[in-house]
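Whatever order the structure lists them in is the order used to number ligands and atoms, beginning at 1. Positions are given from 1, in the same order as the sequence printed here.
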Amino acid sequence: MTAGFVLKPKDTIKLKETFLKIKKVFESRNIEVLIDSVSAKAIGLLGVEFNDMCEAADFLVALGGDGTLISLARRSYKFNKPILGINAGNLGFLTDINPDNIEEFIDKFLKGEYRIDERMVIEVEYKDKKLYAFNDIVISKEVISSMIHIRVDTNESYLNTYYGDGLIVSTPTGSTAYNLSAGGPVVYPLTEGFVLTPICPHSLTQRPLILPSNFVLEIEVKENFAKLVIDGQEIYNLDEKIKVKKALNPAKLIHRVERNYFDVLRKKLHWGDGK
Ligand SMILES: NC(=O)c1ccc[n+]([C@@H]2O[C@H](COP(=O)([O-])OP(=O)(O)OC[C@H]3O[C@@H](n4cnc5c(N)ncnc54)[C@H](O)[C@@H]3O)[C@@H](O)[C@H]2O)c1
Ligand SMILES: Nc1ncnc2c1ncn2[C@@H]1O[C@H](COP(=O)(O)OP(=O)(O)OP(=O)(O)O)[C@@H](O)[C@H]1O
């Protein structure tokens, strides 16, 4: 069995010791460890080019925070490999395992005691590109001063024109990220659908909306100074219509069998239970 590692890009050097410890644990259980060339270079090792690593690995590992996991899920989309998040970040809402518990987890993993959660991914067609988002896409104004008009059509009919700072189209997984801050609902991550949440709409009536995952959305901005942001990490100038739909493949996240979403909401986001 082969694992392919990507390390959090900021302060990677601090992760060297943790990575080497985990590598030893994996290798002692006959799991070959590959590391992508960018992460390897940052800690003075030799690595494998990202796509070659994804091709060779049976599963991929993000050693970092949520951002590292989101980025790995997006960049490895076409390889469709299961992904394990080991938390070496701050919030770690999505990364399930702590480095201290890796031996215990990997022994269970090798006995088949784990879960794979299939998370819906968004596909965006923009110009001749196909882009993938694990959390969300954001159609945003470029400058602080001017609002934008965002027209949304579904494959069935005209939907709405949003006027404000922007529009978030989130996956259920991304519902606890930017969507949450903008007043959108928490959506159980194994649900399939799009969450449309306007950012500061200049209206008394705009509300977040959930649409089924078989809808195809066309989104167009009237003004010519908008941005398209993918997972908060990739930014494009938006000057043409985009088409948004559910991607063919889900992202496959490896979790502990015992992981409970509502416990994570309580622990990490302080979701109250009224007691
Ligand atoms: N005002 C906001 O809340 C805001 C603004 C911009 C981007 N974002 C979010 O940041 C995401 C990218 O994350 P990053 O870590 O690369 O950026 P980042 O470093 O700016 O961190 C964003 C924060 O959101 C958390 N987060 C990310 N995805 C999450 C999820 N699915 N559920 C719960 N928490 C989550 C991260 O742990 C981190 O604390 C984007 O997809 C977007 O949703 C949020
Ligand atoms: N491949 C990547 N390319 C560009 N930026 C990335 C990549 N992977 C992660 N990042 C960014 O690096 C920053 C830090 O990484 P990460 O989110 O993993 O750690 P953290 O912020 O400490 O943890 P958490 O997100 O759990 O609070 C994030 O802003 C993330 O967007």
Side-chain angles (χ1 to χ4, degrees), residues 4-15 18-19 35-42 47 49-51 53-54 60-77 83-99 117 119-122 124 131-141 164-191 194-200 208 227-235 251 253 255 259 261-271:
F5 273 72
V6 168
L7 274 46
K8 173 168 135 175
K10 288 179 197 156
D11 301 326
T12 317
I13 197 73
K14 285 192 194 148
L15 287 180
T18 311
F19 168 71
I35 175 169
D36 101 287
S37 47
V38 175
S39 306
K41 194 172 169 204
E49 198 273 323
F50 182 78
N51 285 339
M53 180 186 83
C54 292
L60 300 170
V61 184
L63 177 59
D66 292 323
T68 308
L69 177 68
I70 295 160
S71 147
L72 178 58
R74 192 181 61 252
R75 291 171 61 219
S76 68
Y77 170 79
I83 300 173
L84 175 68
I86 303 182
N87 189 19
N90 294 313
L91 181 64
F93 187 85
L94 302 163
T95 49
D96 197 12
I97 316 291
N98 280 317
D117 282 3
R119 311 282 186 112
M120 186 188 125
V121 171
I122 288 176
V124 183
L131 309 166
Y132 295 93
F134 177 71
N135 256 356
D136 46 33
I137 66 166
V138 179
I139 293 92
S140 168
K141 64 178 188 166
D165 285 357
L167 177 70
I168 303 164
V169 181
S170 161
T171 61
T173 296
S175 69
T176 41
Y178 201 173
N179 169 67
L180 186 90
S181 314
V186 173
V187 182
Y188 193 75
L190 303 185
T191 312
F194 301 99
V195 190
L196 270 65
T197 302
I199 307 169
C200 295
K227 296 281 182 190
L228 169 65
V229 185
I230 308 284
D231 285 342
Q233 296 179 351
E234 283 176 24
I235 305 178
L253 294 196
H255 285 305
R259 184 179 195 266
Y261 181 68
F262 301 107
D263 282 345
V264 180
L265 268 186
R266 270 184 282 269
K267 269 189 211 134
K268 304 272 176 170
L269 291 182
H270 311 292
W271 189 56

Nearest protein heavy atom with distance in Å, relative to atom 18 (O) of ligand 2: Thr68 OG1, 2.5 Å
Ligand-residue contact atoms, ligand 2 with Asn90, heavy atoms, under 4.0 Å: 20 (P), 21 (O), 22 (O), 23 (O), 24 (P), 26 (O), 27 (O)
Ligand 2 to Pro9 polar contact by distance, N or O atoms, under 3.5 Å: no
Heavy atoms of other groups near Lys41 NZ, more than 12 under 6.0 Å: no
Separation of Ile137 CD1 from Glu234 CD (nearest 0.5 Å): 12.0 Å
From the candidates Gly232, Ser71, Ala62, Gly92, the one that places a heavy atom nearest atom 3 (N) of ligand 2: Ser71
By salt bridge (Lys or Arg N to Asp or Glu O under 4.0 Å) - contacts of Lys8 (at least two apart): none
Contacting atoms of ligand 2, where contact means under 4.0 angstrom from a heavy atom of Gln233: 30 (C), 31 (O)
Closest protein heavy atom to atom 25 (O) of ligand 2, given as residue, atom name and distance to 0.1 Å: Asp66 N, 3.3 Å
Aromatic ring pairing Tyr132/Tyr77, orientation class (parallel under 30°, perpendicular over 60°, tilted between): parallel
Heavy-atom side-chain contact between Cys54 and Leu60 under 4.5 Å: yes
Residue and atom name of the nearest protein heavy atom (relative to atom 22 (O) of ligand 2), distance in Å to one decimal: Lys8 NZ, 2.8 Å
Any N/O pair Phe93/ligand 2 closer than 3.5 Å: no
Short N or O distance, Gly64 and ligand 2, threshold 3.5 Å exclusive: no
Test item: Leu94 and Phe134 side chains (from C-beta on) under 4.5 Å apart, heavy atoms: yes
Taking atom 28 (C) of ligand 2 as the reference point, the nearest protein heavy atom with its distance: Lys10 NZ, 4.4 Å
Minimum heavy-atom distance Phe50-Val6, with the two atoms named: CE1-CG2, 3.8 Å
Heavy-atom nearest neighbour in the protein, as seen from atom 27 (O) of ligand 2, with distance rounded to 0.1 Å: Leu91 N, 2.9 Å
Atom pairs and distances, ligand 1 N/O vs protein N/O under 3.5 Å:
{"from": "ligand 1", "atom 1": "3 (O)", "to": "Ser181", "atom 2": "OG", "distance (Å)": "2.5"}
{"from": "ligand 1", "atom 1": "15 (O)", "to": "Gly67", "atom 2": "N", "distance (Å)": "3.3"}
{"from": "ligand 1", "atom 1": "16 (O)", "to": "Gln233", "atom 2": "NE2", "distance (Å)": "2.8"}
{"from": "ligand 1", "atom 1": "28 (N)", "to": "Asn135", "atom 2": "ND2", "distance (Å)": "3.0"}
{"from": "ligand 1", "atom 1": "31 (N)", "to": "Asn135", "atom 2": "OD1", "distance (Å)": "3.0"}
{"from": "ligand 1", "atom 1": "31 (N)", "to": "Thr173", "atom 2": "O", "distance (Å)": "3.0"}
{"from": "ligand 1", "atom 1": "32 (N)", "to": "Thr176", "atom 2": "OG1", "distance (Å)": "2.7"}
{"from": "ligand 1", "atom 1": "37 (O)", "to": "Asp66", "atom 2": "OD2", "distance (Å)": "2.5"}
{"from": "ligand 1", "atom 1": "41 (O)", "to": "Asn135", "atom 2": "ND2", "distance (Å)": "3.1"}
{"from": "ligand 1", "atom 1": "41 (O)", "to": "Asp136", "atom 2": "OD1", "distance (Å)": "2.8"}
{"from": "ligand 1", "atom 1": "41 (O)", "to": "Asp136", "atom 2": "OD2", "distance (Å)": "3.3"}
{"from": "ligand 1", "atom 1": "41 (O)", "to": "Asp231", "atom 2": "O", "distance (Å)": "3.4"}
{"from": "ligand 1", "atom 1": "43 (O)", "to": "Asp136", "atom 2": "OD2", "distance (Å)": "2.4"}
{"from": "ligand 1", "atom 1": "43 (O)", "to": "Tyr178", "atom 2": "N", "distance (Å)": "3.0"}

Pairwise distance CZ(Phe5) to CG(Leu72) - rounded to 0.5 angstrom: 11.0 Å
Ser175 versus Ser170, closest heavy-atom pair with distance: N-OG, 3.2 Å
Minimum heavy-atom distance Thr95-Ile86, with the two atoms named: CB-C, 4.2 Å
Test applied, side chain to side chain contact (heavy atoms under 4.5 Å, CB included); reference residue, Asn135; option that passes from Asp231, Ile122, Ile168, Leu69: Asp231
Which of the ligand 2 atoms, numbered from 1, are nearer than 4.0 Å to a heavy atom of Gly67: 8 (N), 9 (C), 16 (P), 17 (O), 18 (O), 25 (O), 30 (C)
Heavy-atom closest pair, residues Ile35 and Met53: C-SD, 3.7 Å
